[in-house]
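Only one structure is covered here, and it is reproduced in the block below.
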Amino acid sequence: MCDSIEVRNEKQKGRIVMKEKLYLAYGSNLNIVQMIIRCPDAKFYGTAEIKDYELLFKGSKTGAYLTIERRKGSSVPVGVWAVTERDISALDRYEGFPAFYYKKEFRQQIWGKDSEDLGVHDCFAYIMHEDRRIGVPSPVYINTCREGYKDFGFDINILMDAVKRSKEAAL
């Protein structure tokens with residue numbers, strides 16, 4: 001990961017100083033229960049919107065999962081998590097980095113609870129390699145993402161439109 005990703009703050013935890021980075025989640029990692037299990041140090045930081053990107057389901061023989069790709073005029077709501085290096089290692093394993101997903105840096109306006117302006121920050125997201133084929137996600141995966149959309153108060157129609165577009169494209 002590039003050194004240019006913002007280090008948000010440092011906390012003393014025993015003798016170890018833990019640095020946090022801001023991670024943009026748009027799929028199953030919006031699901032709070034799942035993130036608590038996978039990334040125990042992660043903390044909700046806020047929300048953002050990645051402009052000129054769209055949600056798509058792509059994948060492999062094991063299934064179709066959410067990714068984002070450039071599309072002028074579209075946007076993707078994201079949850080912003082403050083994550084530690086330990087969390088990032090867990091996310092790397094979960095996302096199949098670097099073979100399945102790669103990391104991309106974004107400079108994002110972030111909003112806190114009650115629409116509080118938290119400013120513009122350097123963040124990162126995982127994006128599936130673009131050569132992957134459009135696919136149809138499993139009902140279990142869709143439900144996990146749907147729960148995450150509810151957790152963050154995002155419009156479920158955005159997710160369901162991605163499901164519909166992916167199903168149509170996969171035919």
Side-chain angles (χ1 to χ4, degrees), residues 1-2 4-6 21-32 34-35 38-39 42 44-83 88 91-92 94-112 115 117-171:
M1 181 173 309
C2 297
S4 62
I5 292 177
E6 179 177 335
K21 296 177 181 173
L22 298 180
Y23 162 57
L24 305 173
Y26 53 80
S28 62
N29 289 329
L30 288 172
N31 186 301
I32 291 174
Q34 212 176 76
M35 275 298 282
R38 183 173 302 117
C39 301
F44 167 81
Y45 188 78
T47 62
E49 184 178 1
I50 302 176
K51 294 185 187 302
D52 295 324
Y53 276 79
E54 71 173 338
L55 281 176
L56 293 170
F57 287 91
K58 290 182 136 186
S60 66
K61 293 177 183 177
T62 64
Y65 309 96
L66 273 174
T67 189
I68 58 174
E69 285 189 5
R70 288 191 178 276
R71 184 172 181 205
K72 190 88 171 144
S74 293
S75 65
V76 176
V78 292
V80 183
W81 296 97
V83 293
I88 293 169
L91 289 168
D92 285 352
Y94 178 71
E95 301 294 353
F97 170 81
F100 201 56
Y101 283 82
Y102 63 92
K103 294 176 192 173
K104 178 168 175 53
E105 295 180 38
F106 290 89
R107 188 127 176 94
Q108 289 295 137
Q109 171 67 52
I110 300 175
W111 303 97
S115 300
D117 182 347
L118 299 178
V120 176
H121 297 273
D122 290 325
C123 309
F124 76 98
Y126 291 89
I127 298 177
M128 193 180 299
H129 291 284
E130 286 79 2
D131 61 348
R132 299 288 180 161
R133 298 173 73 114
I134 296 287
V136 178
S138 72
V140 171
Y141 183 74
I142 293 169
N143 190 55
T144 299
C145 295
R146 183 184 290 124
E147 289 301 315
Y149 263 65
K150 288 178 186 175
D151 288 345
F152 276 82
F154 295 155
D155 181 356
I156 296 290
N157 291 320
I158 296 168
L159 176 66
M160 298 317 292
D161 285 347
V163 171
K164 181 181 175 187
R165 284 192 324 275
S166 294
K167 283 181 178 179
E168 289 170 355
L171 293 177

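Numbers here are sequence positions counted from 1. Scope of the values below: all heavy atoms of this structure, side chains included, with no hydrogens, waters or symmetry mates.
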Rounded to the nearest 0.5 Å, what separation is found between the [atom1] atom of [X] and the [atom2] atom of [Y]?
X: His129; Y: Thr67; atom1: NE2; atom2: OG1; result: 9.5 Å
X: Cys123; Y: Ile50; atom1: SG; atom2: CD1; result: 8.5 Å
X: Lys21; Y: Asp122; atom1: NZ; atom2: CG; result: 11.0 Å
X: Lys103; Y: Ile88; atom1: NZ; atom2: CD1; result: 6.0 Å

With a 4.5 Å limit on heavy-atom distance, are the side chains of [X] and [Y] in contact?
X: Pro77; Y: Asp155; result: no
X: Val78; Y: Thr47; result: no
X: Phe44; Y: Ile32; result: no
X: Lys164; Y: Glu168; result: yes

Between Val120 and Ile110, does the side chain to side chain contact (heavy atoms under 4.5 Å, CB included) criterion hold? Intermediate values first, please. CA-CA 6 Å; Val120 176; Ile110 300 175; over 6 Å; no

Is the ring centre of Phe100 less than 6.0 Å from the ring centre of Tyr126?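 So the answer is no for these two rings.
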
Sub-6.0 Å ring centroid separation between Phe124 and Phe106: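 No: the rings miss the under 6.0 Å criterion.
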
Ignoring hydrogens, what is the shortest heavy-atom contact between [X] and [Y]? Give both atom names and the distance.
X: Tyr65; Y: Tyr101; value: CB-OH, 3.6 Å
X: Tyr149; Y: Tyr26; value: CE1-O, 3.9 Å
X: Leu30; Y: Phe152; value: O-CE1, 3.1 Å
X: Leu55; Y: Leu159; value: CD1-CA, 4.3 Å

Dump the intermediate steps for side-chain hydrogen bond (donor to acceptor under 3.5 Å, both in side chains) on Tyr94 and Asn29, then the final yes or no. CA-CA 10 Å; Tyr94 178 71; Asn29 289 329; 5.0 Å; no

Does the plane of the ring in Tyr45 sit parallel, tilted or perpendicular to the ring in His121? Use 30° and 60° as the thresholds.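 Tyr45 and His121: perpendicular rings.
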
Side chain of Gln108, backbone of Glu49: donor and acceptor closer than 3.5 Å?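 A pair under 3.5 Å: yes.
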
Main chain of Met35, side chain of Trp81: is a donor-acceptor contact present, judged purely on distance under 3.5 Å?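 Checking the backbone N and O of Met35 against the side chain of Trp81, no donor-acceptor pair under 3.5 Å is found.
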
Side chain to side chain contact (heavy atoms under 4.5 Å, CB included) partners for Asp52, two or more places apart: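 Asp52 satisfies side chain to side chain contact (heavy atoms under 4.5 Å, CB included) with Lys72 only.
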
Could you pull out every donor-acceptor pair under 3.5 Å between side chains of residues 131-148 and any protein atom, sequence neighbours left out?
from, atom 1, to, atom 2, distance (Å)
Ser138, OG, Tyr141, N, 3.0
Tyr141, OH, Leu66, N, 3.1
Thr144, OG1, Val140, O, 3.0

Sequence neighbours excluded, which residues qualify as salt bridge (Lys or Arg N to Asp or Glu O under 4.0 Å) partners of Glu54?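 Counting only residues at least two positions away or on another chain, Glu54 forms a salt bridge (Lys or Arg N to Asp or Glu O under 4.0 Å) with Arg71, Arg165.
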
